[in-house]
Amino acid sequence: MPSCLLGLALSIAGTAAMADDALRYNQVSLHADASTEVVQDRMHVTLYSEAQQEDPAQLAAQTTQTLNAALQKARAQKGVTVSLGSRHSYPVYGEDGERIVAWRERAEIRLESTDFAALSTLTAELLKTLKMGEMHFSVSEAIRKQNEEALMKDAVAAFRARAQLATEALGGSGYKLVSLNLGSEGGMHPVNRGYAMKSLMEAAPVPEIEAGTQTITLNADGVIEVQMP
């Protein structure tokens with residue numbers, strides 16, 4: 001390339017870089033959010049069967065029979081969603097650590113419902129043949145979405161207030177919104193309450209369940225360009 005053309009190319013490239021820097025010169029990244037406490041309306045229970053036998057085939061048949069009986073009872077309860085969880089077996093070794101002396105198998109059933117009373121009653125019945133693995137609560141997707149939509153205006157208003165504050169702190173006359181992203185926080189936080197739940201379920205009558213609340217947060221992350229006088 002001739003030297004004059006090379007100089008022109010470098011000059012154009014330098015001008016583009018300066019223009020790009022100018023566009024970003026007064027840009028500021030900001031974060032704001034809005035939160036609310038929501039009552040957890042969905043209850044989750046995990047029950048399991050665990051047994052040990054020398055014959056793995058007999059053990060598998062026994063576990064299947066126990067699960068099928070529990071599933072039949074669970075599926076008869078209206079308003080409760082039933083699904084199978086994990087199932088696995090493993091060898092049990094003797095004192096020498098080499099010879100297999102038995103097999104142990106564990107299989108799970110997972111239950112969930114918005115009807116706490118129905119699920120509590122069902123759980124108490126199933127604990128006659130199964131063991132308690134875990135119980136936790138969550139916010140259903142419908143309730144979560146409803147609250148996130150309600151928080152959207154608050155999150156945007158909080159972002160605008162912060163943008164105005166940043167503009168004033170920088171001595172600007174105003175600002176332009178370059179980008180804005182809205183995202184939510186909040187999810188299930190399982191708590192292992194196996195032993196406590198078992199003792200509660202063995203009591204009569206079935207105790208009232210307190211699900212607690214969960215914080216749902218909507219984040220507003222964006223970039224503004226401050227306009228200088």
Is R160 atom CZ crowded by more than 12 heavy atoms from other residues, nucleotides or ligands, each under 6.0 Å away? no

Kindly determine whether Q77 and L119 satisfy side chain to side chain contact (heavy atoms under 4.5 Å, CB included), including the steps that lead there. CA-CA 8 Å; Q77 177 64 61; L119 183 49; over 6 Å; no

List the atom of L151, the atom of A34, and the distance in Å for their closest heavy-atom pair. CD1-O, 3.8 Å

Would you compute the distance between atom OG of S49 and atom CD of Q65 and round it to the nearest 0.5 angstrom? 10.5 Å

Going only through I, L, V, M, F, W and Y residues with side-chain contacts under 4.5 Å, is there a path from V39 to M135? no

Distance-minimising heavy-atom pair for E50 and Y90: OE2-OH, 3.7 Å

Among side-chain atoms of Q164 and E168, is any donor-acceptor pair under 3.5 angstrom? yes

Separation between NZ of K131 and CG of L126, rounded to the nearest 0.5 Å: 15.0 Å

Hphob cluster co-occupancy, Y48 + L71, side-chain heavy atoms under 4.5 angstrom: no

Please find the pair of heavy atoms, one from L59 and one from Q52, that lie closest to each other, and give the distance. CD1-N, 3.9 Å

Taken in chain and number order and not counting sequence neighbours, the residues that satisfy salt bridge (charged side-chain N to carboxylate O under 4.0 Å, His left out) with K78 are none

Just by modelled atom types, is the A211 backbone N or O under 3.5 Å from a matching donor or acceptor in the Q40 side chain? yes

Heavy-atom closest pair, residues A107 and T63: CB-CG2, 3.8 Å

Measure the spacing between CG of L47 and CG of L122 and express it to the nearest 0.5 Å. 8.0 Å

Rounded to the nearest 0.5 angstrom, the OG1-CD distance for T217 and E148 is 10.0 Å

Do L30 and L170 belong together in a cluster built from hydrophobic side chains that touch within less than 4.5 Å? yes

Do L84 and I109 come within less than 4.5 Å of each other through their side chains, counting heavy atoms only? yes

Does Y93 reach the side chain of V101, with side-chain heavy atoms less than 4.5 Å apart? no

Pairwise side-chain contact, L111 with T81, heavy-atom cut-off 4.5 Å (strictly under): no

Side chain proximity check, I216 to I143, heavy atoms < 4.5 angstrom: no

Heavy atoms only: give me the nearest D33-A158 pair and the separation to one decimal. O-CB, 4.1 Å

Please determine whether the number of non-hydrogen atoms from other residues, nucleotides or ligands lying under 6.0 Å from atom CD of E37 exceeds 12. yes

E112 bridged to R110 by N-O distance under 4.0 Å: no

Quick one, R144 and Q214 - any side-chain contact, counting heavy atoms below 4.5 Å? yes

Between S35 and the options T215, L218, D154, the side-chain contact (heavy atoms from CB on, under 4.5 Å) test singles out T215

Whether S113 side chain and G79 backbone form a donor-acceptor pair below 3.5 Å: yes

Please name the pair of heavy atoms, one in V223 and one in F159, separated by the smallest distance, quoted to 0.1 Å. N-CZ, 4.2 Å

Is L165 reachable from V156 through a run of hydrophobic residues whose side-chain heavy atoms are each under 4.5 Å from the next? no

Report the distance from atom CD of Q62 to atom CG of L67, rounding to the nearest 0.5 Å. 10.5 Å

Value rounded to 0.5 Å, distance of CD1 in I224 from OG in S179: 10.5 Å

Would you find a donor on one side and an acceptor on the other, under 3.5 Å apart, between the side chain of Q227 and the backbone of E225? yes

In a check of side chain to side chain donor-acceptor pair (under 3.5 Å) between E105 and each of R87, Q53, H88, which one passes? R87

